[in-house]
Amino acid sequence: MSEPNPYPAVPFGDWDGSPAAARAMQQTLASQVRLQDDFPPLRLIAGVDVGFEEGGSITRAAAVLLDADTLELVGSSLARIPTNMPYIPGLLSFRELPAVLQALAELPAVPDLIFSDGHGIAHPRRLGIAAHLGVVTGLPTIGVAKKLLTGEHDELDLMRGAQVELRDKKTGEMIGYVLRSKDKVRPLIISPGNRVSIATAPELVKRYLTRYRLPEPTRLADRLASRREEKAAARRMAGNA
DNA sequence: GCGACAG
DNA sequence: ATCTTGTCGC
């Protein structure tokens with residue numbers, strides 16, 4: 001029995017490669033984002049993140065699949081493809097999504113929810129990488145970013161669990177939450193990508209937090225994508241040699 | 001024109 | 001993101 005493949009080969013149809021065309025495409029895709037809670041009882045959740053090799057010429061995406069109740073690692077995958085464009089603030093998904101989709105397609109099952117590194121709708125045109133990923137796959141997604149891209153918010157308490165609203169600086173519309181995931185650490189910026197409401201997004205992130213700053217799906221994907229242990233091991237070898 | 005700017 | 005050692009604080 002095979003599951004339908006929700007992962008398109010290319011997350012942007014015919015794109016001429018220009019930043020202007022990418023921004024126009026974001027406007028269209030953003031209108032397809034659904035911000036109502038519409039996800040099944042969570043059984044399998046995924047985390048995705050991207051890293052680079054060879055000075056940036058190779059894009060490396062990691063995807064991890066976890067049991068939503070026990071957080072046990074059910075599967076993981078790595079995809080390495082040539083990097084096709086430089087990093088441009090606001091156009092991150094056009095650079096990283098191809099590799100992310102390939103990594104997701106290699107997981108043993110389709111997740112009920114995906115935690116993505118980067119923003120969801122907390123983006124200038126409301127289409128951060130998590131929202132873009134959600135629209136092209138049709139799956140529920142949440143963006144977990146380590147830094148602010150756009151929007152403004154009040155100060156928030158230093159204790160774990162503290163959170164404040166993130167709103168568009170110009171229109172005042174809600175676009176996410178700023179959440180302190182651990183005592184006295186830089187807060188995370190949480191915004192829905194697709195099929196999750198703004199209010200539910202931080203609740204789901206909190207559900208999967210353990211002792212670290214990042215929720216477990218994101219933390220594990222981050223480790224794989226950035227080659228945490230490989231680098232640490234290589235470094236110690238050089239030092240002890 | 002100036003400042004900001006996910007990964 | 002990535003390059004990189006030791007160091008300050010909980």
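Order of the sequence lines fixes the chain letters, A, B, ..., with proteins taken first and strands second; residue numbering starts at 1 for each chain. For the numbers below, each heavy atom of this structure counts, side chains included, while hydrogens, waters and symmetry mates do not.
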Polar pairs (N or O, both sides) under 3.5 Å between protein and nucleotides 6-10 of chain C?
none

Any chance you could encode DNA chain C as dot-bracket? Rule is Watson-Crick or G-U wobble with both distances under 3.5 Å; [ ] for pairs crossing earlier ones, | for another strand.
..........

Between [X] and [Y], does any side-chain N to carboxylate O distance fall below 4.0 Å?
X      : Y      : answer
A:R167 : A:E152 : no
A:D117 : A:K146 : yes
A:E54  : A:R60  : no

So if you build clusters from Ile, Leu, Val, Met, Phe, Trp, Tyr with side-chain heavy-atom gaps below 4.5 Å, do [X] and [Y] land together?
X      : Y      : value
A:V144 : A:I175 : no
A:L107 : A:V100 : yes
A:L139 : A:L44  : yes

For a quick check of understanding: with a heavy-atom distance under 4.0 Å over all strands, which category does [X] fall into, base, sugar-phosphate or nothing?
X      : answer
A:L148 : sugar-phosphate
A:L158 : nothing
A:G56  : nothing
A:G51  : sugar-phosphate

Between A:F12 and A:F94, what is the ring plane arrangement, given parallel below 30°, perpendicular above 60°, and tilted in between?
parallel

What integer distance in Å separates [X]:[atom1] from [N]:[atom2]?
X      : N     : atom1 : atom2 : value
A:I88  : B:dA6 : CD1   : P     : 13 Å
A:I129 : B:dC5 : CD1   : P     : 19 Å
A:L91  : B:dG7 : CG    : C1'   : 12 Å
A:E96  : B:dA6 : CD    : P     : 12 Å
A:R125 : B:dC5 : CZ    : P     : 16 Å
A:I81  : C:dA1 : CD1   : C1'   : 15 Å
A:L166 : B:dA6 : CG    : C1'   : 12 Å
A:L92  : B:dG7 : CG    : C1'   : 5 Å

For atom [atom1] of [X], decide whether the heavy atoms of other residues, nucleotides or ligands shown that lie under 6.0 angstrom number more than 12.
X      : atom1 : answer
A:R223 : CZ    : no
A:K206 : NZ    : yes
A:D14  : CG    : no

Quick check, does A:Y87 stack with B:dG7? I mean ring centres under 5.5 Å and planes off by under 30°.
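Answer is yes, a stack.
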
Drop me the distance from A:S76's OG to A:L65's CG, to the nearest 0.5 angstrom.
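Going from the OG atom of A:S76 to the CG atom of A:L65 covers 9.5 Å.
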
What distance separates A:L71 CG from A:R219 CZ, expressed to the nearest 0.5 Å?
10.0 Å

Quick one: which of B:dC5, C:dT2, B:dG7 gets closest to the side chain of A:S226?
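Closest of the options to the side chain of A:S226: C:dT2.
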
Between A:K169 and B:dA4, does any side-chain N or O lie under 4.0 Å from OP1 or OP2?
no

Each stem that DNA chain B is part of, given as range with range (3 or more consecutive Watson-Crick or G-U pairs, under 3.5 Å)
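Nothing qualifies as a stem here.
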
